[in-house]
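Keep in mind that this is a model prediction, so the values were computed, not measured. Just so it is clear, the values below take in all heavy atoms, side chains as well, and ignore hydrogens, waters and symmetry mates.
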Amino acid sequence: MSNAKALVAVVWLLLFSCFFVATTSTVSTLGRLAFWLMAIIHVVEYAVSLPRFRGAPGSWLGHLLRTLLFGFLHIREVPALDAREAPDS
C-alpha cells in the first residue's frame with residue numbers, strides 16, 4: 001500500500017470515529033459531514049469510472065470497494081480503455 005493510500009485510510013478512520021463522539025461537538029459534526037461528503041464523492045467517481053472498470057480485470061465489487069476506500073488513487077491504477085476496446089452498451 002502506498003503512503004497516499006495509507007493516509008486516505010487514516011482519514012477515513014478519523015472521520016468514522018466522529019460517529020462515536022458526542023453530537024454536540026463541532027468537530028464531530030464537521031467530521032460526520034466530511035465523512036458523507038467523501039463517501040458521495042467516491043460513489044460519483046465509481047459511477048464515472050464504471051466503463052473503465054468493465055474492461056479491467058477483477059470483479060466489479062472489488063473495484064467498488066477499492067474506489068469507495070481510495071477514490072482516484074485506485075482509479076489511476078486501473079488501465080484506461082482504448083477507444084477501440086470500449087464495450088458497446
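- With rounding to the nearest 0.5 angstrom, the CG atom of Leu13 is 10.0 Å from the CZ atom of Phe35.
- A heavy-atom distance below 4.5 Å is found between the side chains of Val44 and Val48.
- You'll find the side chain of Leu73 stays beyond 4.5 Å of the side chain of Arg66, heavy atoms only.
- Gly31 and Cys18 get closest at one heavy-atom pair: CA-SG, 3.6 Å.
- The two atoms that bring Phe70 and Val8 nearest to each other are CA-CG1, 4.2 Å, heavy atoms only.
- The ring of His74 has its center no closer than 6.0 angstrom to the ring center of Tyr46.
- A donor-acceptor pair under 3.5 Å is formed between the side chain of Thr29 and the backbone N or O of Ser25.
- Of all non-hydrogen atoms in Leu68 and His42, the two that sit nearest each other are O-ND1, 2.8 Å.
- Remark: side-chain polar atoms of Trp12 are paired, donor with acceptor, to backbone N or O of Leu69 under 3.5 angstrom.
- In this structure, Glu77 and Lys5 have side chains that are in contact, with non-hydrogen atoms separated by less than 4.5 Å.
- Residues Met38 and Phe20 share a hydrophobic cluster, clusters being chains of Ile/Leu/Val/Met/Phe/Trp/Tyr side chains in contact below 4.5 Å.
- Contact annotation: the side chain of Val11 approaches that of Leu15 to within less than 4.5 Å [non-hydrogen atoms, C-beta and beyond].
- In terms of hydrophobic clustering, with Ile, Leu, Val, Met, Phe, Trp and Tyr side chains grouped at heavy-atom distances under 4.5 Å, Leu50 and Val43 are assigned to a common cluster.
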Take Phe53 and Trp60 through the side-chain contact (heavy atoms from CB on, under 4.5 Å) test and state the conclusion after the steps.
-> CA-CA 7 Å; Phe53 294 140; Trp60 68 269; over 6 Å; no
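- Residue Thr67 comes nearest to Ile75 through the heavy atom pair CG2-CD1, 4.0 Å, listed as atom of the first residue, atom of the second, then distance.
- Counting heavy atoms of neighbouring residues, nucleotides and ligands inside a 6.0 Å radius, atom CZ of Phe72 does not exceed 12 of them.
- Of all the heavy atoms in Val78 and Ala56, the pair that sits closest is CG1-CB, 3.4 Å.
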Walk me through it: do Thr23 and Arg32 pass the test side-chain contact (heavy atoms from CB on, under 4.5 Å)?
-> CA-CA 9 Å; Thr23 57; Arg32 291 174 188 196; 3.1 Å; yes
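- A tilted orientation is assigned to the rings of Phe19 and Phe16, their planes being inclined by 30° to 60°.
- Under the 3.5 Å distance criterion, the side-chain polar atoms of Ser49 are left unmatched by any main-chain donor or acceptor of Arg52.
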